[in-house]
Each structure stands twice: as structure tokens, then as C-alpha cells.
Amino acid sequence: MGDIAKEILIPYIPGDGIGPDIMSATVRVLDVAMRAATAGGVKLHWEEVLAGEKAFKKTGCWLPEETLSVIEQRGVAIKGPLTTPVGGGIRSLNVTIRQSLDLYASVRPARHYAGVPSPVKHPEKLNVVIFRENTEDVYKGIEWKRGSEEAKSLIAYLRSEFGVELGSDCGLGLKPISESATKRLVRSAMEYAVRKGRKVVTFVHKGNIMKHTEGAFREWGYELVRDEFSDHVVFESEMPQKDLASIPKGMIMVNDRIADNMLQQILTRPEEYSVLVAPNLNGDYLADACAAQVGGLGFAPGANIGDGVAVFEPVHGTAPKYAGRNIANPCALILSGSMMLEYLGYTNASSLVEKAVEGALAHGVMTRDFAKLAGLQSHVGTSEFADAVIDRMA
């Protein structure tokens, strides 16, 4: 008898809308990649856990505690897009998963794949990885409705204690940004930059206006870098020539940009940036803006990483009108799966997936959404795209 393959348990949430379609394609691709990269020595064992509409129908709960418990035990999971019902009382399931598991770093790469249509002239110049703080900022969900007793009390307190005058018709929210959460995010981004040989790390903030939240984010970021990475960095502010050519070999240039300026710079000078580190809301804006430059959310993978646990997911939504029709683009989830394989330590398998996706797209193998934009006369279905990727890993 041959050796029994090592099995890795992977909890997965198929997701809502097109989720099951793209998850099925992704599972097939990742299985083949792992088998090819390890000569059959490692097998992925898929373990479905419930969240979203399927969970609500079966249990009456949108996100069962058991799901979070299983993910925490396994240390890893992959998920499709989830619906958050419209209306009060139910928070975003994606945000709940991130905060419940303390997945503090949202990691979103944005790079162009040859053949993918883009709204910019040179999408190939953009190759960045965004590290977005994932647990604080306005996403903490601390807010009160206009006219509520809580809002009235807080308005009165701010007036009496601090002389802050607010209209009685205001809704109110809090924006917490802490030193501890900032520094662990920056540490994660710096470790990535060192490991991957990235040349520039940029803090993106609105500290000129929000001095004690986003301004503090900037200061804490620099402080962490000085304390823990001084042997690896130079600071743009201290360089006579502030350009990429002047960065000493093997070193990383650290700088910062105001958030609104960064949204301009990522369009006009994308080649100057490599790793972007931002508070939650800024990171959300940046990730989508960067994805748009390289083809859209259909090619935008994502990871939510904490200490000892990570959940991988596409950035896009559920697109329910395309569900079950074998027409959805699975690239974002497949590439998220590639990130998961790298996280697990299987870099060869991860590289196989990314190169195979790149090869398929470069040869005009696309689902209907992007084939039309690329001016192609034919397109493939979700499952057939997975087949094309698998063929390129043989």
C-alpha cells in the first residue's frame, strides 16, 4: 500500500448568491494545485460550515457560534460572499466574522493580469498590497440614531462638559483608533514587506484633520517601525533624493500620504507604491479604487488575518441574479484560495494557481462579464474557467 496523504482540514462557507458556483470551481482548482505541488502527499479535506442565508434557513441564525468555533479551532477558512439583510438589527456578517475572530489585518493585493480590460492606460504599473486595519474605526459600529435618547444624552454631555455645540438633529458615531491595534497592523505589514522584498511601505491617513485618531495612526506607525525595523528601513523624510532609485539596496523606504492625495497618486504615480497601510475606512476605499484600476472586484482577492487564524474571501458581493447559472467569474475566490495556500506554507501550490489563472486570462479565457469588455467573441462558464486553470497546472 502507498503512503496515506497528509490531510489539512479547511472549513469553508459557500456563501450566498453566486457563492456556491465560484466555491465549487475554487475547490476543484485548489485540490489539483495541492496534488500537483506535493506529488499527492498533501490533500485538502473540505469541511462546510454555515453562515448567511443557508445558515438562517437551517438554524434561524445568520452566523452560528459553532461556525466561528470551528474556524478558530482549524486556524483557517475560506468563504464566498455573504448577504447582509437590509434593515436594522443585523450587522454585516463579514464585519462580525472579522471582529469576532480578531482578524485585525485585511490584506488585499491589487495587480493586473494581462488580457484583463482596465479603465486606465497602464494598469500593469500598479502592483500593491493593502494592509487595512480590520477591527476599529467607524466599522466598530458605535453610533446612535438622530433623536434617540442616547444621542440626546451625548449631545447634552458634549455641550455641558466640553463646550461642543451640535444640532439636536444629529446622528452620532464614534471613531476609535488605538495604539495597540495600529501597531500590530503595521508590524504585520512590515513583516510582509521584509519577507517579500517590497521596496516601499506607505501609511495612508487623514491626520491633517483627524489629528488624534488618524494622525495618531501615522505617529504610532512610525514609532513601531523605528522600534522594531530600524535595520530594514530608511525614511523618505530623511532622504536627500526622495525617489525609488535612491533607496539603498535591501532596504525599505517608509513614508506617508494624506488619504485624498493617495487616491490621486495611486492613479497618477502607481509605480511609486508597494505596500499601503491604512485605518479601516481609508483601506476600504483604497482597496476598491486599486481593484478598479486592474479590472475590478472580479479580480480582487482578500485575506483577513489575525494571530493564529485567517479567513480568505473575495472582495466582491453576492450578485444573486447570476446565481446557479454557471456564468459568474470565480477569479477573485480562486486567487483568495491561492493566498490561503501560501498562508498555510504551500508556496509552490499557491504559485501554480496564480500562474495558471494568469495564463488562462492571457489567452483570452474569460467569463462573460469580462470577455465582453475585452472585445472577445466567445466566453466560458464558471466551471469551464476552472477547467482552463486546471489544464494549465497539469
Side-chain angles (χ1 to χ4, degrees), residues 104-111 122 124-137 175-287 289-290 293 305:
Y104 57 83
S106 170
V107 183
R108 296 188 178 181
R111 55 154 291 198
H122 294 288
E124 73 283 354
K125 290 184 178 181
L126 180 67
N127 186 344
V128 299
V129 179
I130 298 159
F131 278 74
R132 165 193 172 195
E133 204 290 317
N134 224 6
T135 65
E136 296 189 324
D137 205 344
K175 178 189 177 70
I177 290 182
S178 71
E179 179 180 1
S180 57
T182 297
K183 286 188 172 180
R184 66 181 182 176
L185 175 74
V186 173
R187 182 181 297 112
S188 179
M190 288 301 303
E191 288 173 346
Y192 176 89
V194 171
R195 187 170 68 250
K196 292 288 190 177
R198 293 265 171 170
K199 298 296 292 180
V200 184
V201 172
T202 304
F203 304 134
V204 184
H205 61 92
K206 193 63 179 170
N208 57 329
I209 302 299
M210 292 172 277
K211 300 180 186 299
H212 303 301
T213 50
E214 299 207 10
F217 178 93
R218 172 189 180 274
E219 293 306 314
W220 291 326
Y222 277 118
E223 186 177 292
L224 183 282
V225 171
R226 290 190 182 97
D227 288 347
E228 299 185 16
F229 295 91
S230 59
D231 292 342
H232 296 280
V233 305
V234 292
F235 297 99
E236 182 186 65
S237 59
E238 300 171 0
M239 296 173 61
Q241 300 296 322
K242 305 178 189 303
D243 55 38
L244 298 181
S246 300
I247 302 173
K249 185 177 180 180
M251 301 293 277
I252 298 167
M253 182 171 72
V254 177
N255 57 19
D256 70 276
R257 297 289 184 267
I258 301 297
D260 46 340
N261 181 40
M262 188 72 245
L263 287 167
Q264 174 193 225
Q265 298 248 332
I266 208 67
L267 275 169
T268 59
R269 304 161 77 171
E271 66 277 8
E272 295 183 11
Y273 298 95
S274 183
V275 176
L276 307 178
V277 190
N280 210 330
L281 185 59
N282 290 341
D284 201 1
Y285 292 151
L286 271 172
C290 290
Q293 286 182 229
I305 301 175

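All values reported here derive from a predicted model rather than from experimental measurement.
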Q: With a 4.5 Å limit on heavy-atom distance, are the side chains of Met190 and Glu228 in contact?
A: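 Not touching, per the 4.5 Å side-chain cut-off.
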Q: Using a 3.5 Å cut-off and no angle test, enumerate the donor-acceptor pairs between side-chain atoms of residues 208-216 and protein atoms at least two apart in sequence or in another chain.
A:
residue : atom : partner : partner atom : Å
Lys211  : NZ   : Asn208  : O            : 3.0
Glu214  : OE1  : Lys206  : N            : 2.6
Glu214  : OE1  : Asn282  : ND2          : 2.8
Glu214  : OE2  : Lys175  : NZ           : 2.9

Q: Are Glu191 and Arg195 within salt-bridge range, i.e. N to O under 4.0 Å?
A: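 A salt bridge is absent here (no side-chain N lies under 4.0 Å from a carboxylate O).
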Q: Compare all side-chain heavy atoms of Val277 with those of Phe217 and state whether any distance is below 4.5 angstrom.
A: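 Val277 vs Phe217: side chains touch.
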Q: If you compare all heavy atoms of Ile130 against all heavy atoms of Gly283, which two are closest, and at what distance to 0.1 Å?
A: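 Where Ile130 meets Gly283 most closely, the heavy atoms are CG2-O, 4.2 Å.
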Q: Hey, could you give me the CH2/CZ distance between Trp220 and Arg184, rounded to the nearest 0.5 Å?
A: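 Interatomic distance, Trp220 CH2 to Arg184 CZ, rounded to 0.5 Å: 13.0 Å.
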Q: With a 4.5 Å cut-off on side-chain heavy atoms, are Ile252 and Phe229 touching?
A: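 Answer no - side chains too far apart.
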Q: When rounded to the nearest 0.5 angstrom, what distance separates OG in Ser237 from OH in Tyr222?
A: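 Reported value, rounded in 0.5 Å steps: 5.5 Å.
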Q: How close do Val204 and Ala259 get, counting heavy atoms only, and between which atoms?
A: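 Taking Val204 first and Ala259 second, the nearest heavy atoms are CG1-CA, 3.7 Å.
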Q: How long is the gap from CD1 on Ile177 to OG1 on Thr135, to the nearest 0.5 Å?
A: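 The distance works out to 10.0 Å.
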Q: Could you report the tightest heavy-atom contact between Ile247 and Val234, atom names first, then the distance?
A: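 For Ile247 and Val234, the tightest heavy-atom pair comes out as CG2-CG2, 4.5 Å.
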Q: Report yes if some heavy atom in the side chain of Arg108 is under 4.5 Å from a heavy atom in the side chain of Val129; otherwise report no.
A: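 The answer is no, as the side chains (C-beta and beyond) never meet within the 4.5 Å cut-off.
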Q: Can you confirm whether more than 12 heavy atoms, excluding those of Tyr192, are under 6.0 Å from its OH atom?
A: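 Yes, OH of Tyr192 has more than 12 neighbouring heavy atoms, counting only those of other groups under 6.0 Å.
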Q: For a quick test of reading the model, state the closest non-hydrogen atom pair linking Glu133 to Leu185 and the distance between them.
A: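 Heavy atoms only, the tightest pair is N-CD2, 3.5 Å.
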Q: Given side chains that start at C-beta, do those of Val186 and Val201 come closer than 4.5 Å, heavy atoms only?
A: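 No, side chains not in contact.
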Q: Got a donor-acceptor contact below 3.5 angstrom from the Gln293 side chain to the Ile266 backbone?
A: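 Checking the backbone N and O of Ile266 against the side chain of Gln293, a donor-acceptor pair under 3.5 Å is found.
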Q: Decide yes or no for Asn127 and Arg198: does some side-chain heavy atom of the first lie under 4.5 Å from some side-chain heavy atom of the second?
A: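 In short, these two side chains touch, coming nearer than 4.5 Å.
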Q: Please report the interatomic distance OG1(Thr202) to CG(Leu276), rounded to the nearest 0.5 Å.
A: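 Thr202 OG1 to Leu276 CG: 5.5 Å, rounded to 0.5 Å.
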Q: Do Glu136 side-chain atoms and Ser178 backbone N/O form a donor-acceptor pair below 3.5 Å?
A: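 Yes, Glu136 side chain to Ser178 backbone: donor-acceptor pair under 3.5 Å.
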Q: In Å, rounded to the nearest 0.5 Å, how long is the span from CZ of Phe203 to CG of Leu224?
A: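 Here the interatomic distance stands at 7.5 Å.
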Q: Check step by step if side chain to side chain contact (heavy atoms under 4.5 Å, CB included) holds for Ile258 and Arg218.
A: CA-CA 10 Å; Ile258 301 297; Arg218 172 189 180 274; over 6 Å; no
Q: I would like to know whether Val233 and Met251 meet side chain to side chain contact (heavy atoms under 4.5 Å, CB included); could you show each step before the answer?
A: CA-CA 5 Å; Val233 305; Met251 301 293 277; 5.5 Å; no
Q: Check whether any side-chain N or O of Lys125 sits under 3.5 Å from a backbone N or O of Glu271 as a donor-acceptor pair, and report yes or no.
A: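 No, the answer is negative, given that no donor and acceptor are paired below the 3.5 Å cut-off.
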Q: Which heavy atom of Ala105 sits nearest a heavy atom of Phe131, and at what distance?
A: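 Heavy-atom minimum between the residues: CB-CD2, 4.5 Å.
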Q: Kindly indicate whether the side chain of Glu219, heavy atoms from C-beta on, has any atom under 4.5 Å from the side chain of Glu223.
A: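 No, side chains not in contact.
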Q: Could you check if a side-chain atom of Arg111 sits within less than 4.5 angstrom of a side-chain atom of Leu126, using non-hydrogen atoms only?
A: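 No, their side chains stay 4.5 Å or more apart.
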Q: Looking only at non-hydrogen atoms, find the nearest pair between Lys199 and Ser274 and report the distance.
A: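 Heavy atoms of Lys199 and Ser274 come nearest at N-OG, 4.1 Å.
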Q: Answer yes when Lys242 and Glu272 have at least one side-chain N-carboxylate O distance shorter than 4.0 Å, and no when they do not.
A: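 No, this pair does not count.
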